[in-house]
Amino acid sequence: MLLCALLLAPGAARALEAVRVVPQVEAIDLLPLTQAQQSRDDRIEIQTARDANGIVRRIEVQAREPGSRPRWIAFALANESNEQVERLLVAPRFKLAGSGVLWPDLAASRIEAITASHGFRPEREDSSDADLFLITLDPGAIVTFVAELRGNRLPELTLWDPDAYKDKLNSLTLYRGIVTGIAALLAIFLTIVLALRAALVFPAAAALAWAVLVYLGIDFGFIGRFFGLRPEIENIYRAGAEAVLGGTLLVFLFAYLNLNRWHARYAHITLVWLGLLAVLIALSSIDPAVASGIARISMAAIAVIGFVLIVFLALHGYDRATMLVPTWLMLLVWVVAAGLVVSGQIVNDIAAPALLGGLVLIVLLIGFTVMQNVFSSSAVATGAVPDSERKALAFLGGGDLVFDWDVGDDHLHVSPELEMHLGLERGELDGRAAALIDVIHHVDRDRYRTLLNALIEQRRGRLAQDLRFVARDGSILWYRLKARPVVNREGEVVRVVGTLADVTALHMQQERLLHDAIHDHLTGLPNRRLLLDRLETALAAARHLNGAARPASGGSTPKPSLILVDVDRFKQVNEQIGVNAGDMVLLTIARRLARVVRPGDTLARLSGDTFVLVVVSEQEPQRIMAMADLVRRAVSTPITHGERQIYLTGSVGVAFLDEAGLADREAFLRNAELAAIHAKRTGRDRIEVYRASMRAVPQDKLALAADLRKAIERKELEVQFQPIVRLEDRSIAGFEALVRWNHPRLGRLPPSEFISIAEETGTIVELGLFVLETTARELLLWQQNLVVDPPIFASVNVSSRQLIRNDLLADVKNVLIRYPVQPGSLKLEITETLVMENPEYAAQMLHKIRELGAGLALDDFGTGFSSLAYLQRFPFDTLKIDQSFVRHDDSGKRPLILRSIVGLAHDLGMTIVAEGAETEADTVELFQLGCEFAQGYVFGPAINLDQTRKLIGING
């Protein structure tokens, strides 16, 4: 209770009413019976209580410190007995009950001195817990006492019988000793466990136990007596201990719940909170009351927020949180009770000791919870388990299901999880082995019976088979059955035991890989491989029927026809609107064409913007041409993309089966391609039927396009390598892969004569993959036989068709998996103009290619219109300077921009390859400019594989 609440209004002092001191009463609460006053100077005049004769006197009391203006209290005691009475006046220096939450009342000396109106002078007794004064009253005496106070607060003032007060102190000291002993044992025990276990929760729990022990020592006065602390210094320790107690409680909650595994934000909040508590510890030396108040609010917040977090995690199945719920609930109740006590709503004498005992009990429960959780969860980790249990635990961790067939009793037991996965009732599969056969797919039932019978007959061996199970909802699940027979002493099979492992995901992945191998990744339509397979099947049926006798009804022999559509100006969609829009257009066209397909027909995507329809449902030419017109109109119908209308047309080629096509599927398909190319050349958005005259001129681009289709299969294409030399020591640093076509009729053709055709027809994709695989295979051979640092490298040119395809990433990844060359040594050369056609998309693709382990070279730099801002975003490691900047001009000087290009490349962290070096003077000058590598005819032209191996010193 605050003294300021007892102060009288300013005015004259009034006479006191004497308090009767009865020997039978052990304690009297004097605080409500006192008169409080504030003096104007260092003196105060008090009217005494009426004596036995009814006389009121005045006494004047001088303050201990001259010039001060202390607060005073006055009270009067009356001894109406015939014996002398001795009493102890007790003013506790700290009282938890009613101390307050904000700016709490901490330990302080309460009474400076007491003056009696007459009789014996009150004597101060030695005590560290309270201000004690021994008061002696003569028989029949009425004595007025004036007490000079220290500070503004007097929480309690009690007049005690000396023996009763001693008994109270003894009982309270015993209780404090027991509670402190339990807390000390708990702290020591958790510290010992900390030395045995390295889990983070143990030091957190031990720190919390020690913090509680220190707080008890301060509150019980043990530390104050041991160190001889003054009340003012004890306040600092008390406020700091409360802040440490809140901090250790927060650390324990964080460590026990492993909050850092749930979200990094929890760790950040904990660190900030601990930082604030550390500031409170420092603040306690300046203003203990403020620090103590904030620490008490912080502890209450930790208890409430922690309880909400624990309940949340427990509801989500976290076992640790579930085990901590009862303990933390008790902590929450303790916090509420503590709030009622310190706010003065509960002022019972046993409230404060009960709170401190409850705090020790909570820490004890926390210790038990930690021990139970950590040691129960780490039983496996101790390694002290038998080998059989270790195998059982390993089997449990593997997630496999039990398969146990008692052959003699024909009783089968499988794990209940199998029934749950199949949607069956519990125990539905327990019983005879036939119960399991009923849920096995009908295709696998005979194989299952045969395998089990073979184990029983042979009495040895192991079973490992994948079987299909049919769930209650009709879905198919794959399980791998691994089993072996158990043989008795007579050599008979008594049991077949094993496991069932769910391999559904593996089979789905295999089916997906098989599907992707023969289907287009974007549209899901059959790709060229599956198209040729189905076309071969149709041609085989046609050849069979063509060679057999005609039907008696005179019906015609069913023959396949081909409708091939090439989307006109599709490249402009990718360039002007974006690759995503191009993919959307292709998907829309694929869906439209699928509506034209009839049962028995096949729709496939041949290349980027080319679709093929194998028609076997119609035999009449007029009907087939009508289908071709439907195909053309499906392509020419406008496509909506956002707010834009995209108008496209299609060049359609139709090929009817002839004798040449009947024998060769490639020739048949080439006829449709030639017809489509002819339709494109003669105006687009039209239908052309293949005629033999379209092959009249073999040197024509149409013929070259058709021949290029089979050039790879016929091994007419050859990859040659032009050396790239390190200018510093003139050693071979790498090669650039160049493709040549050895045409059977036209001889060797340079890339300039067929690369553009490959781009137009989509053959560039297969051509580029062929060059990439050949180069990677050869580069791996070089690196295995030639160990140099840095490793030898090889460069491969990438076309626009390859870059805009998402398949490029898969192609590069597959090649690098099959041929694990050194990272960055297989370089993809991409021209400056190509990446600037769509820089955003190119940057994404290039970063993904770089992550796969391929190097990147920017080819023909300086010939395009690149932006330096974009150039910095591209992950190129090599820059190839176009030969137009390397060669001399008419005046015999090299372009001035060459030096700037070299400096720019070095600033971007790229190495430089100069193309077109033709003389020794070129190499010297390029080296002086800072170029690391060069290629050109001065180092030799492109050479074949055998010559390349000999050049770098590899035999064979």
Side-chain angles (χ1 to χ4, degrees), residues 712 717-726 731-740 751 755 764-803 805-832 834-835 842-861 874-880 909-913 915 932-935 942-945 947-949 951-952 954:
I712 299 176
L717 295 173
E718 177 188 6
V719 179
Q720 296 187 347
F721 298 93
Q722 185 174 22
I724 299 176
V725 174
R726 186 177 291 104
S731 60
I732 300 295
F735 294 88
E736 179 181 359
L738 303 172
V739 64
R740 301 290 187 265
I755 290 297
I764 190 66
V765 176
E766 298 179 20
L767 179 60
L769 183 58
F770 165 73
V771 177
L772 185 64
E773 289 184 342
T774 304
T775 305
R777 181 174 60 249
E778 191 66 18
L779 178 59
L780 180 61
L781 175 65
W782 300 343
Q783 293 180 354
Q784 291 173 344
N785 292 273
L786 187 66
V787 180
V788 293
D789 188 24
I792 193 170
F793 64 85
S795 301
V796 179
N797 290 280
V798 175
S799 70
S800 59
R801 278 290 186 103
Q802 290 176 279
L803 186 62
R805 291 175 65 252
N806 291 328
D807 294 346
L808 178 61
L809 294 175
D811 293 341
V812 174
K813 182 178 180 180
N814 293 334
V815 168
L816 291 177
I817 291 176
R818 291 199 301 271
Y819 308 107
V821 298
Q822 293 292 328
S825 60
L826 180 61
K827 299 180 181 292
L828 303 185
E829 290 190 9
I830 303 172
T831 62
E832 178 187 21
L834 180 58
V835 297
Q844 296 177 11
M845 288 289 292
L846 294 179
H847 278 287
K848 293 178 181 179
I849 293 173
R850 184 69 178 270
E851 292 173 358
L852 294 176
L856 292 172
L858 181 59
D859 197 10
D860 296 339
F861 180 76
F874 297 140
F876 290 107
D877 53 68
T878 304
L879 187 146
K880 300 193 72 173
M910 303 181 189
T911 57
I912 301 173
V913 178
E915 297 181 302
E932 291 89 349
F933 307 99
Q935 69 180 100
I943 54 180
N944 59 31
L945 293 180
Q947 294 171 330
T948 304
R949 295 174 185 175
L951 180 62
I952 60 178
I954 297 178

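The distance from atom CG of Asp811 to atom CD of Glu773, rounded to the nearest 0.5 Å, is 8.0 Å. Between Ile943 atom CD1 and Leu951 atom CG the span is 5.0 Å, to the nearest 0.5 Å. Atoms CD1 and CG, on Ile764 and Asn797 in that order, are 9.5 Å from each other to the nearest 0.5 Å. Summarising the geometry, atom CD1 belonging to Ile954 is positioned 11.0 Å from atom CG belonging to Leu945; distances are rounded to the nearest 0.5 Å. One distance of note links OH of Tyr819 with CG of Leu779; it measures 12.0 Å at 0.5 Å rounding. Taking CD1 of Ile912 as the start and NZ of Lys880 as the end, the distance is 13.0 Å to the nearest 0.5 Å.
Ala776 approaches Val815 most closely through the heavy-atom pair CB-CG1, 3.4 Å. Between Ala733 and Arg726, the closest heavy-atom pair is CB-NH2, 3.7 Å. When all heavy atoms of Gly853 and Leu816 are compared, the closest pair comes out as C-CD1, 4.1 Å. Of all heavy-atom pairs spanning Ile724 and Ser795, the tightest one is CD1-OG, 4.5 Å.
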Let's go through Phe793 and Thr878 carefully: what are the C-alpha distance in whole Å and the side-chain angles of both, what is the deciding distance for side-chain contact (heavy atoms from CB on, under 4.5 Å) to 0.1 Å, and is it a yes or a no?
CA-CA 12 Å; Phe793 64 85; Thr878 304; over 6 Å; no
May I have the step-by-step check of side-chain contact (heavy atoms from CB on, under 4.5 Å) for Arg740 and Asn944, ending in yes or no?
CA-CA 10 Å; Arg740 301 290 187 265; Asn944 59 31; over 6 Å; no
Take Val719 and Leu738 through the test side-chain contact (heavy atoms from CB on, under 4.5 Å) and record every step on the way to the result.
CA-CA 6 Å; Val719 179; Leu738 303 172; over 6 Å; no
Is there a side-chain contact (heavy atoms from CB on, under 4.5 Å) between Leu808 and Ile849? Walk through the geometry before answering.
CA-CA 9 Å; Leu808 178 61; Ile849 293 173; 4.0 Å; yes
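Side-chain atoms of Phe876 and Leu846, non-hydrogen and from C-beta on, do get closer than 4.5 Å to each other. Between Leu828 and Leu772, some side-chain heavy-atom pair lies under the 4.5 Å cut-off. You'll find the side chain of Leu826 stays beyond 4.5 Å of the side chain of Val812, heavy atoms only. Taking 4.5 Å as the limit, every side-chain heavy atom of Arg818 sits out of range of all side-chain heavy atoms of Leu780. At a threshold of 4.5 Å between non-hydrogen side-chain atoms, the residues Phe874 and Leu858 do not count as touching.
A side-chain hydrogen bond (donor to acceptor under 3.5 Å, both in side chains) with Gln722 holds for exactly one of Gln935, Glu736, Glu915; it is Gln935.
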Sequence neighbours left out, cut at 3.5 Å: what donor-acceptor pairs do the side chains of residues 781-788 make with other protein atoms?
residue: Trp782; atom: NE1; partner: Glu778; partner atom: OE2; Å: 3.1
residue: Gln783; atom: OE1; partner: Gln822; partner atom: N; Å: 2.9
residue: Gln783; atom: NE2; partner: Ile792; partner atom: O; Å: 3.0
residue: Gln783; atom: NE2; partner: Ser825; partner atom: OG; Å: 2.9
residue: Asn785; atom: ND2; partner: Leu781; partner atom: O; Å: 2.8

